Amino acid sequence: MITTRFAPSPTGYLHIGGLRTSLFSWLWARKNEGQFLLRIEDTDLARNSEEAVAAILKAFDWVGMSYDGEALFQSKRFDVYAKYIEQLLQEGKAYKCYMTKDELTALREEQMAKGERTRYDGRYRDFTGTPPEGVEPVIRIKAPQEGMISFNDGVKGEINIAATEVDDFVIARAGGVPTYNFVVAIDDAQMGLTDVIRGDDHLYNTPKQLVVYEALGFKVPNFYHVAMINNEQGKKLSKRDGATDVMEYKTLGYLPEALLNFLVRLGWSHGDQEIFSVEEMIELFDPKDINKSSSNYNLDKLLWLNAHYIKNMEHDKLAELLVEYGVDIRNHEKKDLILSATKERGKTMVELADQINLILNAPTEYNAKNFKKAFKEDTPEILNTFMNLLKEAELNEVADYHKVMEAVVEQKEIGFGKIGMPLRVSLLGSMTGSGLDEIMAILGVDETIKRVEKAIEFTNA
RNA sequence: GACCCUUUCAUCUAGUGGCCAAGGAUAUUGCGUUUUCAUCGCAAAAACAAAGGUUCAAAUCCUUUAGGGGUCGCCA
C-alpha cells in the first residue's frame, strides 16, 4: 500500500511547481491503488487564509485530481503536537532553551564572520541551573552531535549530511506553538505515508525531520526530492515569468489535460513518449524516472500540447468548455461543422472562441489594407456572378459550395484568388481563417449573400 | 561565507562502458499540401560545461575547475 500526500500552506494560490509535485504524488498513489492525502499546513497564525485553501481546492478540482478522505488541518492538531513535546521533554530528548533572540542574532553574526555555517551552539542542552528571569523558553530537540545523518533519496540517491550541520532546532516556540519540521514529521508518520514526494527545497529539512522520527520512534517513509522548475533563463520562476497560478491557465485558455501532460514531462520521462493521457500517466509513472536536475519552464511546448488536445477533443465536450470562454454553440445545429472548421486554428480555448466568433458574427468593418488588396475593379461583378450561381445551386454538402466557386472561376476565366480573397474579406473581414467552403456552409446562402452584398456596398461608398 | 544538490541541441528529454561520428519532441528555417491562415507531411540546422585521468573502448567511472540551484529562522 502506497500513501502519498500534498501538504500546501494556505498562503496563496496553487503554484505551478506545487501542482507538479502533487501530480507526481497523485500519480504514484493512483498507480498503486493507494491513497493520496491532503494536509493543510496552517500552523502559521498570521499568513493563512480560508480563501487560499479554497483556491487550492478549486485548482485541484479543475485539473481533476482528487484526494482521499478528509483534508487534515494542522491547526486542529495542536493538542497532539503538545503531547509529543511533553513526551520528548520527559524522556530528556528535548529541552528548554532560554536564549534570547538578541543572543541568537549575536551568535549567528559571530559565526558568519568566522565563515561557519550558522547553528545553535547547544548552550542549554545540559542546563540544570536556575533559568534567567523574564525569558520564556523555546523547546529544542536533541540532535545527534557526531556522525552522519543519512537517507536514501528516491531521486537523488544517497544523501549524507554531517550531524554537525544539524543543530538542536526549535520544535516549539516561546508560547508553545510547534514548528514546521516537528509537526511535518509527526503528521507524515501518523497519516501513514509511505512515500513523500516534495520539492528539493526541502532536502535540508529531511535530516531535521529524521531527528524527530528517531526521537519519537516513528517509521521513516521514502523521500523523493524533485528539483525545482526554473524559468527559461534557468532562474527561479517568478510572477514576471508569466502565469504561476494554476487557475490562470484556465483563464488563458489551456486545457487541464494539456497542463498536466506538460508538467509530467518536466523532470520526468518515459522513453521518447510525449503525449500522455491521464490514464497513461497513471500506468507509466514511476518516481525512479524522475530527473535529478532542475528543468526550465518553456511555454512553447505547453501551447503545442494544448493545440493537440483541442484538435483531438470530442465536439460535445469542446462545446461545453467553450461556454466559459463566451461562446455557446451547444445547441447550434451546425456545431460539428463549426468546430471542425475552427479547432485546428486555435491553440488555446481563447483563440478558438475568437475563431468561432469571427465566423458567427458578421464583420462590422473591413481592414482597409486587406480590402484594397482583395477588391479590384472587376471584383463586384465577379461576386455578383457568384451570388447568382449560388442562389441557383443545389447545396447539400460543404463541397458543393466549392463547386460554385469553381464554376465562377471557369466562367470568368480567372484565377481562384480573384474570387477567394474578396469573398474571404466579405465574409470575415479578414484575410485569414477557416476554409471558405466551410464558412459558407455554416452561414448558409442567405447570410453569405447578405455579407457579400454589404461588402460590395462598401466599395461603392 | 559554509554545507548539500545539479550540468546532453535554444527548451523538455532518451542515454547507466562498446548498439552514439548521440535518438525523440517543441521552437526555428526550407520544401510540399492548402484559394488564405492554420493543420498535416518531408527535410535542414542544432548538444555530451572544461581539463585531466581509468580503460582495448567513456556522454556513461574517478579527480579537479567552472556554471546553475537550494539551505543556513521562535516561516512553511
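Since we're looking at a predicted model, the values are computed, not measured. Chain A is the first sequence line, chain B the second, and so forth, proteins listed ahead of strands; every chain is numbered from 1.
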Main chain of A:M228, side chain of A:D201: is a donor-acceptor contact present, judged purely on distance under 3.5 Å? no
Please report the distance separating the C1' of B:G73 from the corresponding atom of B:A27, rounded so that it comes out in whole Å. 43 Å
Contacts of type side chain to side chain contact (heavy atoms under 4.5 Å, CB included), residue A:M421, not counting sequence neighbours: A:A374, A:M431
Side chain to side chain contact (heavy atoms under 4.5 Å, CB included), that's the test. Do A:M440 and A:R451 meet it? Break it down for me. CA-CA 11 Å; A:M440 288 188 287; A:R451 291 190 188 183; over 6 Å; no
Counting any heavy atom closer than 4.0 Å, what does A:K311 reach on the DNA or RNA strands: base, sugar-phosphate only, or nothing? sugar-phosphate
With a 4.5 Å heavy-atom cut-off, do A:Y84 and A:V183 have their side chains touching? no
If you look at every strand shown and take non-hydrogen atoms under 4.0 Å, does A:K236 touch a base, only sugar-phosphate, or nothing? sugar-phosphate
Does A:R39 reach the main-chain N or O of A:P8 with its side chain, forming a donor-acceptor pair under 3.5 Å? no
Distance in angstrom units between A:L305 CG and B:U26 P, rounded: 9 Å
Can you tell me which nucleotide in B:C74, B:C4, B:C37 comes closest to the side chain of A:T432? B:C37
Could a donor-acceptor pair under 3.5 angstrom be found where the side chain of A:R345 meets the base of B:U39? no
So A:S430, base contact, sugar-phosphate only, or nothing? Heavy-atom distance under 4.0 Å. nothing
For the C1' atoms, the ones on B:U33 and on B:G23, what distance do you get once it is rounded to whole angstrom? 28 Å
For B:U11 and A:N231 - does any side-chain N or O of the residue sit under 4.0 Å from the phosphate oxygens OP1/OP2? no
Separation of atom CD1 in A:I229 from atom P in B:U6, rounded to whole Å: 18 Å
Rounded P spacing from B:A46 to B:G24 in Å: 14 Å
Given the P atoms of B:U63 and B:G68, what is the spacing between them in whole Å? 22 Å
Measuring only the P atom in each nucleotide, how far is B:C37 from B:U29? A whole number of Å is fine. 15 Å
Have a look at A:N205 and say if it touches a base, only the backbone sugar-phosphate, or nothing, with a 4.0 Å heavy-atom cut-off. base
Sorted by position of nearest nucleotide on RNA chain B, 5' first, the leading residue of A:V155 and A:R424 is A:V155
Assign A:R108 to base, sugar-phosphate, or nothing according to its heavy-atom contacts below 4.0 angstrom with the strands shown. sugar-phosphate
For A:R20 and A:L266, indicate whether the former's side chain and the latter's backbone hold a donor-acceptor pair under 3.5 Å. yes
Quickly work out the A:N296 CG to B:U7 C1' distance and round it to whole Å. 12 Å
Quick check: on RNA chain B, is the nucleotide nearest A:S295 upstream (toward 5') of the one nearest A:G435, or the reverse? Name the residue that is more 5'. A:S295
Out of B:A2, B:U13, B:C4, which has the shortest distance to the side chain of A:R265? B:U13
Measuring only the C1' atom in each nucleotide, how far is B:C31 from B:C12? A whole number of Å is fine. 27 Å
Across all strands, who's sitting opposite B:G52 as a Watson-Crick or G-U wobble pair, both distances under 3.5 Å? B:C62
What do you reckon, is CD of A:E214 surrounded by more than 12 foreign heavy atoms closer than 6.0 Å? no
Under 4.0 Å between a Lys/Arg side-chain N and an Asp/Glu carboxylate O for A:K317 and A:E257? yes
Each nucleotide N or O in nucleotides 58-66 of chain B that has a protein N or O under 3.5 Å away: list the pair and distance.
none

Sidechain-backbone polar pair: A:K96 side chain, A:I139 backbone, donor-acceptor under 3.5 Å: no
Distances for protein N or O near nucleotides 15-23 of chain B N or O, under 3.5 Å:
residue : atom : partner : partner atom : Å
B:G23   : N2   : A:D272  : OD1          : 2.9

Without decimals, in angstroms, what is the distance between A:Y309 OH and B:U26 P? 13 Å
Whether over 12 other heavy atoms sit under 6.0 Å from A:E381 CD: no
Using side chain to side chain contact (heavy atoms under 4.5 Å, CB included), reason through A:I359 and A:L428 one step at a time and then give a plain yes or no. CA-CA 6 Å; A:I359 296 174; A:L428 299 184; 4.0 Å; yes
Think A:N160 has a side-chain N or O under 4.0 angstrom from the OP1 or OP2 of B:C4? no
How is A:I159 classified with respect to the nucleic acid when contacts are heavy atoms under 4.0 Å: base, sugar-phosphate, or nothing? sugar-phosphate
Going by number, which of residues 4-23 of chain A have a non-hydrogen atom under 4.0 Å from RNA chain B? A:S9
Please confirm whether the backbone N or O of A:S25 pairs with a side-chain atom of A:T4, one donor and one acceptor, at under 3.5 Å? yes
Quote, to the nearest angstrom, the C1' distance that separates B:A58 from B:G17. 6 Å
Pair partner, B:A2 [Watson-Crick or wobble, under 3.5 Å]: B:U71
Give every residue pair that meets the salt bridge (Lys or Arg N to Asp or Glu O under 4.0 Å) criterion with at least one member in residues 146-167 of chain A, sequence neighbours excluded. A:R117-A:E165, A:K156-A:D200
What's the separation between atom CD1 in A:I382 and atom CD in A:E377, rounded to the nearest 0.5 Å? 11.0 Å
Of the listed B:C4, B:A38, B:G69, the closest approach to the A:E344 side chain comes from B:A38
Watson-Crick or G-U wobble mate for B:U39, both contacts under 3.5 Å: none
Closest of B:C4, B:C74, B:A76 to the A:I161 side chain is B:C4
Distance below 4.0 Å between A:S293 side-chain N/O and B:G68 OP1 or OP2: no
Is A:E274 side chain donor-acceptor paired with the B:G24 base, going by distance under 3.5 Å alone? yes
Spatial distance of atom CG (A:L436) from atom OH (A:Y401) [nearest 0.5 Å]: 12.5 Å
Between B:U39 atom C1' and A:L352 atom CG, what is the distance in whole Å? 13 Å
Indicate yes or no for a side-chain donor-acceptor contact from A:K334 to the backbone of A:A441 under 3.5 Å, with no hydrogens or angles considered. yes
In terms of side-chain heavy atoms, does A:H315 have a donor or acceptor partner in A:S340 at a distance below 3.5 Å? no
Within the modelled atom types, does a donor on one side and an acceptor on the other bring the side chain of A:D42 and the base of B:A76 under 3.5 Å apart? no
Answer with base, sugar-phosphate or nothing: what part of the nucleic acid does A:V170 contact at a heavy-atom distance below 4.0 Å? sugar-phosphate
Write down the protein N/O and nucleotide N/O pairs, taken from nucleotides 27-30 of chain B, whose separation is under 3.5 Å; answer none if there are no such pairs.
none

Pairing partner of B:A47 (Watson-Crick or G-U wobble, both distances under 3.5 Å): none
Is the side chain of A:R119 donor-acceptor paired with the backbone N or O of A:T164 at a distance under 3.5 Å, no angle test? yes
Taking atom P in both B:A2 and B:C61, what distance in whole Å separates the two? 27 Å
Indicate, with a heavy-atom threshold strictly under 4.0 Å, whether A:L266 touches base, sugar-phosphate, or nothing. sugar-phosphate
